[in-house]
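We count residues from 1, following the sequence as given. The shown structure was predicted, so the numbers you read here are calculated from the model rather than taken from an experiment.
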Amino acid sequence: MTTRAATAPGEPEPSSNRRAARSLRSGFGLIGPRHGRHSVTVDQLASLALPIGDDGVVIGVDAEGRPAVLGLNRPTPYDVVLIGGLWTAQVLALRAAATGARVAVETGRPQAWVQMVHAMGGGQNGLAVYDVGRVPPQGASAGTPVLVVRDCGMRPPRGRVASGPWQAVLTLLPYLSPVAPRLLRQARLVGVQRISPDEATALGRALTLPRGDVEALPTLADGFTLWCSDRDRQYVMTQPTDAEIGLLGTPRRMD
């Protein structure tokens with residue numbers, strides 16, 4: 001009968017010592033501690049969930065209080081028109097930069113954006129401001145997506161830098177202007193804030209909005225936007241963070 005030498009409590013078995021010595025000689029390092037595996041049964045799989053939602057910029061909350069996400073970084077051209085206030089466009093620019101996008105602002109009122117540039121490190125950290133018609137090629141790619149914000153007044157000229165792969169363009173219109181029909185036709189997404197009843201009627205025809213939405217647009221509170229795509233419409237309330245309030249103030253429709 002073969003006998004085995006007793007080992008002290010916690011002392012590795014001789015076979016473990018031999019395995020450890022072989023591992024050291026082969027260059028793979030020490031053997032780590034052994035723990036029981038974490039496992040679930042097939043019936044338990046359905047109870048697992050991951051808190052992952054849509055990918056993009058959180059622009060606010062919908063009517064049910066769920067996060068509303070705008071997917072700006074796309075491999076295809078993406079044009080957005082916002083008929084609304086500067087405050088909302090600046091919040092979108094800040095949040096896009098926070099997701100890693102570079103933001104190029106084309107504007108005729110650079111003084112309205114200079115505070116944001118200074119807050120973000122003097123244009124070195126994702127946001128740069130250019131005069132109208134002076135936006136250079138941005139070199140957008142999957143690793144460095146770009147958002148071009150066009151804040152060029154009621155009649156923005158045709159952009160020198162257009163939307164393309166990984167480069168979205170957001171055009172801000174303070175009101176429904178004569179160039180709006182052209183911009184609306186090429187836009188993939190349209191955001192509308194509070195406008196006059198006459199503008200709401202004209203926009204309702206252009207976007208084929210239900211009567212209820214046409215009547216609601218002149219009554220929207222500050223911070224509310226109706227976002228419209230080909231297949232969907234959604235009212236969103238943009239809630240600023242404390243940092244955004246400190247930089248831009250509270251939500252407002254008028255500049």
Side-chain angles (χ1 to χ4, degrees), residues 56-57 59-60 68 70-74 76-97 99 101-113 116 126-138 140 145-196 199-200 202-204 206-207 209 217 220 224-230 232-234 236 238 248 252-255:
V57 178
I59 57 174
L70 176 56
L72 292 172
N73 303 333
R74 298 168 180 256
T76 55
Y78 196 66
D79 287 281
V80 182
V81 173
L82 173 61
I83 303 172
L86 176 65
W87 184 90
T88 302
Q90 290 183 325
V91 168
L92 292 179
L94 275 176
R95 296 184 181 184
T99 65
R102 288 189 291 108
V103 179
V105 179
E106 180 183 9
T107 181
R109 47 178 175 176
Q111 70 282 357
W113 293 86
M116 281 182 57
L127 189 146
V129 175
Y130 303 93
D131 291 332
V132 176
R134 301 288 185 177
V135 181
Q138 295 296 304
V146 174
L147 171 64
V148 178
V149 179
R150 306 199 69 218
D151 173 30
C152 306
M154 292 287 289
R155 297 174 179 267
R158 293 185 181 273
R160 177 181 176 185
V161 177
S163 63
W166 306 110
Q167 180 167 291
V169 174
L170 168 66
T171 301
L172 174 64
L173 295 177
Y175 298 101
L176 200 65
S177 72
V179 302
R182 170 178 61 82
L183 295 173
L184 294 178
R185 283 193 298 270
Q186 71 184 32
R188 298 279 302 278
L189 182 70
V190 177
V192 188
Q193 297 187 309
R194 186 172 61 248
I195 54 179
S196 70
E199 289 175 305
L203 192 65
L207 299 179
L209 296 178
L217 288 176
L220 291 182
F224 279 82
T225 308
L226 173 62
W227 292 98
C228 308
S229 65
D230 291 338
D232 193 21
R233 295 184 310 279
Q234 188 176 70
V236 173
T238 301
L248 304 174
R252 60 188 180 277
R253 169 63 175 92
M254 304 298 294
D255 301 327

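A cation-pi arrangement is not found for R134 relative to Y130, the charged atom failing to lie both closer than 6.0 Å to the ring centre and inside a 45° cone about the ring normal. For the pair R252 and F224, the NZ or CZ position fails the cation-pi test of under 6.0 Å to the six-membered ring centre and within 45 degrees of the ring normal.
In this structure, W227 CH2 and R233 CZ are separated by 15.5 Å, a value rounded to the nearest 0.5 Å. Interatomic distance, CG of L203 versus CG of L184, reported as 6.5 Å (0.5 Å rounding). Here the CG atom belonging to D79 is positioned 9.5 Å from the CG atom belonging to L170, to the nearest 0.5 angstrom.
Remark: side-chain polar atoms of R194 are not paired, donor with acceptor, to backbone N or O of L217 under 3.5 angstrom. A distance-only check finds a donor-acceptor pair linking the side chain of Q90 to the backbone of A112 [under 3.5 Å]. The closest donor-acceptor contact from the side chain of Q167 to the backbone of A162 lies under 3.5 Å. Listed for the Q138 side chain is a donor-acceptor partner under 3.5 Å among the backbone atoms of P136.
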Would M116 and L248 satisfy side chain to side chain contact (heavy atoms under 4.5 Å, CB included), going step by step from the backbone distance to the final call? CA-CA 8 Å; M116 281 182 57; L248 304 174; 3.9 Å; yes

Quick one: do E106 and V132 satisfy side chain to side chain contact (heavy atoms under 4.5 Å, CB included)? Show the steps, please. CA-CA 5 Å; E106 180 183 9; V132 176; 3.8 Å; yes

Test log, rule side chain to side chain contact (heavy atoms under 4.5 Å, CB included), inputs W87 and T238: CA-CA 10 Å; W87 184 90; T238 301; 3.9 Å; yes

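A side chain to side chain contact (heavy atoms under 4.5 Å, CB included) with R253 is found for one member of I195, T88, L220 and no other, namely I195. Tested against V57, the residues L94, L72, L147, N73 include a single side chain to side chain contact (heavy atoms under 4.5 Å, CB included) partner, L72.
Closest heavy-atom contact between S163 and P77: OG-CB, 3.5 Å.
Defined by atom type and a distance below 3.5 Å, a donor-acceptor pair is present between the side-chain atoms of D151 and W113.
Between D230 and R188, no side-chain nitrogen of the basic residue sits less than 4.0 Å from a carboxylate oxygen of the acidic one, so the salt-bridge criterion is not met.
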